[in-house]
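Read the structure below first, then the notes.
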Amino acid sequence: MSALFKARKVLAVCLHGSRSLSQLAELPETHQLLRQTCRDFADRELAPIAAMLDKEHVYPAKQIKELGAMGVMAMEVPEELGGAGMDYLAYSLAVEEISRGCASTGVVVSVNNSLYIGPILKFGTEEQKKQWISPFTAGDKVGCFALSEPGNGSDAGAASTMAHQDGEEWVLNGTKAWITNSWDASATVVFATTDKKLKHKGISAFLIPMPHPGLSLGKKEDKLGIRASSTANIILEDCRIPLNNMLGPRGAGFKIAMQTLDSGRIGIAAQALGIAQASLDCAADYAHKRTAFGAPIGKLQAIQFKLADMAVAIESARLLTWKASLLRDAKKVFTKEAAMAKLAASEAATFCSHQAIQILGGMGYVTDMPAERHYRDARITEIYEGTSEIQRLVIAGQILKEYQA
Amino acid sequence: MSGRVLVGVKRVIDYAVKIRVKPDNTGVVTDGVKHSMNPFCEIAVEEAVKLKEKKLVKEVVAVSCGPQQSQETIRTALAMGADRGIHVEVSGKDYETLGPLQVSKIMAALAKKEDAQIIILGKQAIDDDCNQTGQMTAALLDWPQGTFASEVTLDGDKIKVVREIDGGLETIKINTPAVLTADLRLNTPRYATLPNIMKAKKKKIANVKPADLGVNLTSKLEVLRVEDPPQRQAGMKVETVEDLVGKLKESGKV
């Protein structure tokens, strides 16, 4: 065991030593190999079934298990807890490649890594990590993150789900909305108000296993896109959990949620990049093959300009995502960059998928081609884990702070 | 018994890429084209790693002959579970004329140097489809061969091999040391796990020159011309069997 720790320390020093802007120009060899492995998996195991998963709203259980075996479901988790012990740059590469094959699978991976495991890894006790992280690394169990409510999404500080202490238990009451992975999850991180007078400083985080008495699920939402991933309400009615199911200190819930979302944004940015890239792949391939006016449409400047704009949007968002990842890996503040990455990538995804349909013309509108699915999948990336409007507020807030006297 | 397995892995153009012939008809376009490990070599690596996991062999050594980029292919084998790699550097003109005869001489020399017990190769490479290297290597070493293997079972110092042949399946028992070549249904290669990708970085890849092994790379083969296969012609429908026979006779096929 100690040889393993030593080796990881040496590796960590090597990686940190080489951490610089040059990584944006060319990825380290391990990351290239990892990216290729995930791409191969996406091409062979996800892309061929993505249309079926979407059409029939099927959770990709087998593929998630295979990704678990590869280490993709718990990328940042240390090896001794069952994870892959990799950095966030590796994580953003993996999520992008997975999402390029199937956006729904990408969000399942991202939510498990960033939103469920993320806060427990950062704020949990050693005992909580063993209990709530280790079983969730192999892909047979996934977790979810319950912050939003029917009454508040962007307004996260106004959590109306309540938690009060009753003897040796916490009792939770309230409803959470739009919870990704809910129908397939075996545990959830839930945010509830423990001290209403303290407003957002009175929110705490809790861990609840699923299923559990007092916790029930609403109907599966019938969504526009990412349909292989389940989204539903989580209803808490006198849901009783042991006292040591609280995650982090009392009242730290809002801070935990915001910090978790900072990292989650990198995951969603990566998912959006995958969708955008898949759209560009589809459009560029079509531009070579489709002929009109006597030549492949790729010869027409109108099409060329679209492809160029798509590529620029993707590459700039990708570099922002990598920069946010590198800053996080270097333990520097990355709030602004993560928000920029998520904003740029999600808008790139909607832009590219829109243009891809335009390039494909009528073929872009039918289910025979994946362009329409990318268009539907892309839309949510501008909404969840912080709407584009919230991202702009976060960025502006950081900028104004930088320019303060 | 050394318990050592040598696995040959070849870097080829990825199977999903649409191959384009160079305008001067001297070969196919390789610049900027996606390359990966030959699929049959992946199956060979998987089989070797499985033998090691079953503790039937002690060490898996991945070997690749080619330019600098062949090291990526060896790294993939390491990430799948091979213990170390050997990169036999062949580049430039030598690489263009590198074929089964040269590679089998290299493999034979390495087998002796590394005291290998088993050599596992893919049955053929998807770029030249030669299906010769395994057989030639066995001949040069005077070792038995189990080619087109769809099932391999180690039994003491013998190996039982089920081979896929035209007539069905043939089961043979051969002595070790031996050469095996992997066929499609031997196994399903694993995806490298992320921890193994990280560990692969620390595994050693030794650099060797063909001259160090006493191998002469000159080839007696010369590629005259490379062309696209002829465009597929449309078929035609006929009304009666007489018409069909008539058309076959017309085209000289009968």
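Lettering follows sequence order; numbering is per chain, from 1.
Nearest heavy-atom pair across A:Tyr116 and A:Trp132 is OH-O, 2.8 Å.
Side-chain contact between B:Lys10 and B:Thr133 is absent, with no heavy atoms from C-beta onward closer than 4.5 Å. In this structure, A:Val72 and A:Val109 have side chains that are in contact, with non-hydrogen atoms separated by less than 4.5 Å.
In this structure, chain B has a heavy atom under 4.5 Å from the side chain of A:Gln36, while its backbone stays farther away.
Ranked by heavy-atom pairs under 4.5 Å with chain A, the first of B:Ala16, B:Ala192, B:Ser36, B:Ala79 is B:Ala192. Your options are A:Gln32, A:Arg44, A:Glu66, and the one with the most heavy-atom pairs under 4.5 Å with chain B is A:Arg44.
Panel note: side chain B:Lys203, backbone B:Leu78; a donor-acceptor pair is recorded below 3.5 Å.
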